[in-house]
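These numbers were taken from a predicted model, which means no experiment stands behind them. In what follows, every chain begins at residue 1, and chains take the letters A, B, ... in the order their sequences are listed.
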Number of protein chains: 2
Amino acid sequence: MSGQYSQPALDRGSPLPLWAQLLGRLHERLNRGEFAERFPTDLELMSDYGVSRQTVRDAVRRLADEGLIQRERGRGTTVRPRTFEQAAGTLESLFEYVEAAGHEQTSATREARLCTDARVAAILGLPSAEPLVYIDRLRLVDREPLALDRSWLPARIAEALLEIDLARTGIYVELVARCGVKLRSGSERLRPVIPPAPDRRALGLPANQAALSVSRLTRGTGGPVEWRESLVRGDRWTIVVELTPTTRTSASLPWAPFAA
Amino acid sequence: MSGQYSQPALDRGSPLPLWAQLLGRLHERLNRGEFAERFPTDLELMSDYGVSRQTVRDAVRRLADEGLIQRERGRGTTVRPRTFEQAAGTLESLFEYVEAAGHEQTSATREARLCTDARVAAILGLPSAEPLVYIDRLRLVDREPLALDRSWLPARIAEALLEIDLARTGIYVELVARCGVKLRSGSERLRPVIPPAPDRRALGLPANQAALSVSRLTRGTGGPVEWRESLVRGDRWTIVVELTPTTRTSASLPWAPFAA
DNA sequence: TTGGCTGTATTGTCCGGACATTAGTACCTA
DNA sequence: TAGGTACTAATGTCCGGACAATACAGCCAA
C-alpha cells in the first residue's frame with residue numbers, strides 16, 4: 001500500500017498490464033456497489049491509481065464494452081443498472097416478434113390461486129409443503145391461442161400477484177414493482193413435446209402437431225423466485241438461427257441432456 | 001487526392017473522426033481482397049494515410065474486435081479466413097455438446113443417390129427437373145439413434161459426394177475440399193413436430209414423444225448449395241437458454257411465422 | 001546439420017500533451 | 001419568467017515519444 005493514492009497501488013512488477021489490473025479493481029468495486037452513486041472521472045482514476053489517462057481509458061473502455069457502464073462526452077461515465085427488468089426469455093421474444101409483425105397479443109388468466117406442489121417446491125429449493133402462488137394463463141395472438149403459460153412462485157414473496165389482473169400486466173413487472181423482488185438471472189430449457197389432451201384442446205392444436213416446451217427457472221437476489229412451464233404450439237411460429245461467416249462464430253445453441 | 005500518400009487522403013474537415021474514416025477504407029479494401037497476401041503494418045498505414053499510430057491502432061483494433069483480422073505481437077497482423085468452414089449450426093452444436101459430455105457420435109448413411117425433387121429444387125432456386133444429390137443419414141450417439149439428417153444438393157456441384165463414405169467425414173468439409181464450394185452463410189428454422197411413423201421407427205422414438213425439426217438452407221458464393229431437413233428426437237437432449245443480467249441483453253431467440 | 005545467439009521487425013503498453021465536442025450550470029437581460 | 005451567453009467539467013480525438021514483449025531470420029560455431 002503506497003499511501004500516496006486514495007486506492008491501493010497497482011503492481012508495476014506484475015506481468016499483468018496496468019490496464020488489466022485496474023480493470024480487475026474496477027470490476028470488484030462495481031460488484032461491491034461502490035459506484036452506486038457516481039462513477040469516477042478519468043482524472044480521478046488517474047490520481048487514485050497513479051497511472052496515465054491512456055491506461056485509465058484502456059481499462060474503462062473494456063467496462064463499457066461489457067455494457068456495465070456508459071460513457072458520454074460532456075456528461076461523464078455512468079453505471080448501467082444491473083436489474084434484469086424484463087427478464088425476457090424465449091416466450092417474451094416470441095411475443096416481441098408477434099407484435100412487430102403487427103399482431104395483437106393478449107392473455108387470459110385461467111387460474112390464479114395458492115397451492116402446494118412438492119415437485120415444484122423441490123425445484124425452488126423450498127420445503128414440500130411451502131405455499132406457492134400458481135398462475136395459469138393462455139396467451140393469444142389475434143384471439144387465437146398460441147401458448148399455455150404456467151408459473152409457480154413462493155407465496156411469501158409473490159402473494160400480492162393474486163390481487164392483480166395479469167391479463168393487463170406482466171408477472172415480472174409486478175414482481176419487481178409490487179413484491180420488491182430483484183431479478184437476477186434465469187435459465188430455460190427447450191424441447192419438443194406432445195402435449196396432454198387438455199393442453200392440446202386449450203391450445204387448439206391439431207392432433208398431428210407438436211408443441212415446444214419451455215421450462216424456466218427465474219432467480220432473484222435471494223434465490224429462485226419462479227418455476228415456469230410454457231407450451232408453444234408448433235404450427236404457428238418457428239425459431240430462426242442465422243449462420244453468418246463471422247470468423248469462429250458458430251451461432252450455436254447450447255444443449256444439455258434431458259432428464260425426464 | 002493529396003498525392004503525398006500511397007492512399008487517397010482522409011478528409012480532415014469531415015465530422016467523422018479519422019479513425020472511423022480509416023476503418024471504412026480498410027473495410028472496403030478487405031472486402032475487395034486487397035489484403036489477401038498481407039495486411040499492412042501500423043507503420044505502413046501511418047505513412048499510407050498520414051495519421052498517427054494511435055489513430056491507426058484505433059481503426060485496426062475495431063477490425064480485430066470484429067474478428068476480421070488477428071494481431072500478434074512480433075508477428076504482425078493477419079487477415080482471418082472468411083470461409084465458413086464448418087458451417088456449424090444447431091445439429092453440429094448438439095454433437096459438440098454430446099462429445100464434450102464424453103459420448104461417441106457416429107453416423108450411418110442410409111441413402112446416397114441422385115434424384116429430382118421439384119419442392120427442393122424450388123427452394124434451391126433451380127429448375128424442377130434439375131438433378132440433385134440426396135443424402136440420408138442416421139446420426140447416433142453411443143450407437144443409439146439421435147437424429148435423422150437429410151440433405152439435397154445440386155448435382156452439378158456436389159456429385160462427387162456420392163463417391164465418399166460420409167460416415168467418416170462431413171458434408172461441408174467435403175463440399176469445400178472436393179467440390180471447391182465456398183460456403184457463405186446459412187439459415188435454420190426450428191420447430192417441434194410429430195414425425196411420420198417410418199422416421200419415428202428409425203429414431204427409436206416412443207409414441208408419446210416429439211422431435212425437433214431443423215430445416216436449413218446453406219448458401220455458397222454462387223447461391224444456395226444445400227437444403228437440409230433434420231429431425232432430432234426430443235427425449236434425449238434439450239436446448240439451453242441462459243438469461244443473464246448483462247444490460248440490455250435479452251438472450252432472445254429470433255422467431256418467424258411458420259408456413260406449412 | 002543442429003543449436004544458440006544476435007539483430008531486426010512488429011505489436012502492445014504506457015506516458016504526456018493539446019485541442020474538439022458535448023453537457024450542464026450559473027448569470028444576466030428583456 | 002424565458003431565452004441567451006459564458007464558463008466549467010468531462011469524454012473523445014489525435015499527436016508524439018519511448019520502452020517491453022514476442023516472432024522470425026540470419027549467421028556462426030560445434
field: Step-by-step salt bridge (charged side-chain N to carboxylate O under 4.0 Å, His left out) determination, Arg53(B) to Glu44(B)
entry: CA-CA 10 Å; Arg53(B) 188 166 170 232; Glu44(B) 282 164 347; over 6 Å; no
task: Decide yes or no on side-chain hydrogen bond (donor to acceptor under 3.5 Å, both in side chains) for Arg216(A) and Thr218(A), but give the supporting numbers first.
output: CA-CA 6 Å; Arg216(A) 171 182 164 142; Thr218(A) 307; 2.9 Å; yes
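Residue Gly220(A) comes nearest to Arg184(A) through the heavy atom pair C-CG, 3.2 Å, listed as atom of the first residue, atom of the second, then distance.
Checking Ser52(B) against Thr55(B) by side-chain atom types alone, a donor-acceptor pair falls below 3.5 Å. For the residue pair Glu226(A) / Tyr172(A), a side-chain donor-acceptor distance below 3.5 Å is found, with atom types taken as modelled. Defined by atom type and a distance below 3.5 Å, a donor-acceptor pair is present between the side-chain atoms of Thr90(B) and Glu188(B). A side-chain donor from one of Arg219(B) and Ser185(B) sits under 3.5 Å from a side-chain acceptor of the other.
Rounding to whole angstrom units, CG of residue Asp42(B) and P of dA18(D) are separated by 18 Å. Between the CD atom of Glu72(B) and the C1' atom of dA9(C) there is a distance of 14 Å, given to the nearest Å. Remark: P of dC15(D) and CG of Leu45(B) are 13 Å apart, rounded to the nearest angstrom. In this entry the distance linking CZ of Arg73(A) with C1' of dA20(C) reads 7 Å, nearest Å. Remark: P of dC14(C) and OH of Tyr49(A) are 15 Å apart, rounded to the nearest angstrom. Atom CZ in Arg71(A) sits roughly 10 Å away from atom P in dT13(D) (whole-Å rounding). When the P atom of dG16(D) is taken as reference, atom CG of Leu43(B) falls 13 Å away, rounded to whole Å. With rounding to whole Å, Arg75(A) atom CZ is found 8 Å from dA23(C) atom C1'.
Nearest-nucleotide mapping onto DNA chain C: of Val56(A) and Gly74(A), the residue sitting toward the 5' end is Val56(A). Take the nearest nucleotide of DNA chain D for Asp58(B) and for Met46(B): the residue whose nucleotide is more 5' is Asp58(B).
Residue Arg53(A) places no side-chain atom within donor-acceptor reach of the base of dG17(C), judged by atom type and a 3.5 Å distance cut-off alone.
Against DNA chain C, the stretch residues 33-41 of chain B makes heavy-atom approaches under 4.0 Å through Thr41(B). The stretch residues 10-26 of chain B does not touch DNA chain C, since none of its heavy atoms comes less than 4.0 Å from the strand.
For Arg57(B), a side-chain nitrogen or oxygen approaches OP1 or OP2 of dG12(C) to under 4.0 Å. Put simply, Thr55(B) has no side-chain N or O that comes within less than 4.0 Å of OP1 or OP2 on dT13(D). Phosphate proximity of dA10(D) to Thr77(A): absent, as no side-chain N or O sits under 4.0 Å from OP1 or OP2. Considering only side-chain N and O atoms, Ser52(B) lies under 4.0 angstrom from the phosphate OP1 or OP2 of dC15(D).
Residues Phe95(B) and Arg139(B) meet the side-chain proximity criterion, which asks for heavy atoms closer than 4.5 Å.
Under a 4.0 Å N-O distance rule, the pair Asp65(B)/Arg62(B) does not qualify as a salt bridge. A salt bridge links Asp42(A) to Arg71(A): at least one charged side-chain nitrogen sits closer than 4.0 Å to a carboxylate oxygen.
Within 4.0 Å (heavy atoms only), Gln54(A) reaches at least one base atom of the nucleic acid.
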